[in-house]
Amino acid sequence: MEYTFSNRLKLGAIVCMVLGLLGVAYGFYDSHKYETVEDVKVLLAGEHHDGDHAGDAHAGDDHGAAHATEEAHGDDAHAEGHEMSHEEHVLHQIHNRPYAALYVAAFFFFMIALGVLAFYAIQYAAQAGWSPVLFRVMEAITAYVLPGALIVLAIALVADKHIFVWMDPEVVAHDKLIQGKSGFLNKGVFIGLSVFFILGWSAYRYLVRKFSLAQDNSDNNSYFKKAFRWSAGFLVFYIVTESVVSWLWIMSVDPHWFSTLFGWYVFASMFVSGITVIAMIAIYLKSKGLLEFVNDSHIHDLAKFMFGISIFWTYLWFSQFMLIWYSNIPEEVTYYITRIEHYKLPFFGMVAMNFVFPLLLLMNSDYKRIPWFVVMTGIVILCGHYLDVFNMIMPATVVDRWFIGIPEIGSILLFGGLFIFIVFTALSKAPLLAKGNPFMKESKHFHY
């Protein structure tokens with residue numbers, strides 16, 4: 001049973017990438033229409049005259065936006081040692097936006113692939129009997145781990161201080177708190193750990209894919225046993241590296257803020273997003289007459305994971321929010337004050353999309369077996385977790401100058417098209433059934 005990457009889908013992916021590139025290019029062009037403080041003054045005057053958005057931002061700058069922008073752009077010190085004006089902050093935020101939009105979308109699609117890699121390793125380590133019919137789908141999605149991770153790292157290094165203020169020597173020189181974290185927050189550690197983690201994830205993916213293909217033509221289970229051992233070891237590596245990379249690539253965008261739950265929180269987001277994409281691709285392939293051994297019980301189990309991990313994500317979100325909000329420690333609570341003041345709709349909308357919708361739509365066991373219902377829920381979950389990443393990055397980089405416009409949509413199209421192109425190309429490189437897996441017979445006849 002082979003899959004052929006259809007010309008229509010391939011063309012759609014390429015069109016998305018081209019449109020995305022145009023959108024990203026426009027975002028950078030548009031942001032550089034404002035080059036000086038005088039340009040920003042004209043912009044703010046026009047906004048103040050036209051509506052409430054800029055007026056609120058201008059009037060409430062002292063406590064909310066100013067606090068956050070100072071944290072995002074070097075506390076309260078400029079290169080010469082004087083406080084930056086509101087207009088200077090706004091100019092930085094405008095220039096940061098296209099970088100941040102690109103970074104959010106790049107990380108979102110990368111985290112889907114890494115979440116699937118962890119789920120795949122768990123299936124091997126647990127010697128799960130229900131899932132082998134889905135292994136080729138998982139392997140195809142994980143083909144995006146290496147290019148996706150390298151893209152995130154490249155954007156981070158090119159964006160530099162536009163996303164990570166601790167990369168700006170002028171900021172660090174005037175910020176004692178960042179100076180205290182400089183043993184971890186420096187470019188050498190950032191690049192070194194990132195490259196090491198990417199190599200580790202990619203090496204595991206390469207080896208286990210090789211073992212999976214080799215097992216198809218083997219007369220014993222030796223390759224499966226190798227994959228089992230490597231998967232068990234990889235899960236230990238993954239738990240540590242996923243946490244550290246979430247601190248480096250995401251949490252350090254807010255270098256004054258910290259949360260001991262953050263690694264788990266990001267894990268839950270990537271895990272549920274990855275499982276959702278497995279379900280959606282499996283349903284798509286089944287609709288094309290492929291994956292005939294995937295039945296409604298397999299879809300039901302994937303939907304159970306979507307439901308369960310959504311509840312787990314909500315538990316972590318609430319635990320992190322409630323403890324920080326209740327303790328009211330200034331260094332910690334500022335993170336949420338900024339988001340509640342300036343990101344009310346995406347912040348609380350994300351919770352509704354990631355918790356309320358999966359809860360209501362997937363609680364009924366019968367609905368978990370209906371493909372179009374699972375796809376509809378999956379779209380809501382993926383949009384919700386894009387907003388989750390959006391809420392992690394944007395408040396520290398653009399504060400109240402956010403908008404989901406051409407730069408953001410262009411970035412989603414660019415990396416969405418690339419994701420589809422890489423995943424479905426990988427899908428066409430091997431038979432859709434890992435026939436040599438010793439649990440394949442059980443998986444084919446799985447009913448729940």
Query - Pair F119-F271, ring-ring contact (aromatic ring centres under 6.0 Å, His included): steps then yes or no - result: CA-CA 7 Å; F119 188 70; F271 204 53; 5.8 Å; yes

Requested in this report: Please report the C-alpha distance between Y336 and W325 in whole Å, then the side-chain angles of each, then the deciding distance to 0.1 Å, and finally whether the ring-ring contact (aromatic ring centres under 6.0 Å, His included) criterion is met.
Outcome: CA-CA 8 Å; Y336 286 107; W325 192 258; 7.1 Å; no

Query raised in the report: Can you list the steps and then say if R339 with D254 is a salt bridge (charged side-chain N to carboxylate O under 4.0 Å, His left out)?
Result: CA-CA 12 Å; R339 283 152 180 79; D254 279 285; 3.3 Å; yes

Requested in this report: Evaluate the criterion side-chain hydrogen bond (donor to acceptor under 3.5 Å, both in side chains) for residue pair W317 and N354; output intermediate values, then yes/no.
Outcome: CA-CA 10 Å; W317 179 88; N354 293 340; over 6 Å; no

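Under the 6.0 Å cut-off for aromatic ring centres, H32 and H95 qualify, their centroids lying closer than that. F164 has its ring centre less than 6.0 Å from the ring centre of Y103. When ring centroids are compared, Y343 and F348 stay outside the 6.0 Å threshold. Between W247 and F262, the ring center distance fails the sub-6.0 Å criterion. A distance of 6.0 Å or more separates the ring centres of F109 and Y144.
Under a 3.5 Å cut-off, the side chain of W402 and the backbone N or O of H342 do form a donor-acceptor pair. A distance-only check finds a donor-acceptor pair linking the side chain of S231 to the backbone of A227 [under 3.5 Å]. The backbone N or O of E332 lies less than 3.5 Å from a partner atom in the side chain of W257, making a donor-acceptor pair.
Between W264 and F312, the two ring planes are perpendicular [angle over 60°; tilted spans 30° to 60°].
Applying the 6.0 Å contact sphere to CZ of F5 captures more than 12 heavy atoms from other residues, nucleotides or ligands. Within a 6.0 Å radius of CZ in F184, more than 12 heavy atoms belonging to other residues, nucleotides or ligands are found. Summarising the local packing, NZ of K429 is surrounded by 12 or fewer heavy atoms from other residues, nucleotides or ligands at distances under 6.0 Å. The environment of F357 atom CZ is sparse: at most 12 non-hydrogen atoms of other residues, nucleotides or ligands sit within 6.0 angstrom. Applying the 6.0 Å contact sphere to OH of Y284 captures more than 12 heavy atoms from other residues, nucleotides or ligands. Atom OH of Y206 is surrounded by 12 or fewer heavy atoms from other residues, nucleotides or ligands within 6.0 Å.
In plain terms, the two heavy atoms of I381 and S310 that are nearest each other are CD1-OG, 4.0 Å. The shortest heavy-atom contact between H174 and Q179 is N-NE2, 4.1 Å. Annotation for A118 and L235: closest pair O-CD2, 3.8 Å, computed over non-hydrogen atoms. Contact record, S273 with M111: OG-CE, 3.7 Å, taken as the closest heavy-atom pair. Contact record, F403 with R97: O-NH2, 3.2 Å, taken as the closest heavy-atom pair. Considering every non-hydrogen atom in both K368 and F307, the closest pair reads CE-CB, 4.4 Å.
Residues that satisfy the ring pair (Phe, Tyr, Trp, His ring centres under 6.0 Å) test with Y204, not counting sequence neighbours, are F234. The side-chain contact (heavy atoms from CB on, under 4.5 Å) test applied to A106 returns I151, V152, I155, F415, not counting sequence neighbours. Taking F355 as the reference, nothing meets the ring pair (Phe, Tyr, Trp, His ring centres under 6.0 Å) condition, with sequence neighbours excluded. Scored by the side-chain hydrogen bond (donor to acceptor under 3.5 Å, both in side chains) test, N186 finds no partners at all (sequence neighbours excluded). With sequence neighbours excluded, the residues that form a salt bridge (Lys or Arg N to Asp or Glu O under 4.0 Å) with R136 are E139, D216.
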Could you list the donor-acceptor pairs under 3.5 angstrom formed between side-chain atoms of residues 188-202 and any protein atom two or more places apart in sequence or on another chain?
unit_1, atom_1, unit_2, atom_2, d
S194, OG, F190, O, 2.6
S194, OG, W249, NE1, 2.9
W201, NE1, T241, OG1, 3.1
S202, OG, I198, O, 2.8

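Side-chain N/O atoms of D388 and W313 include a donor and acceptor closer than 3.5 Å.
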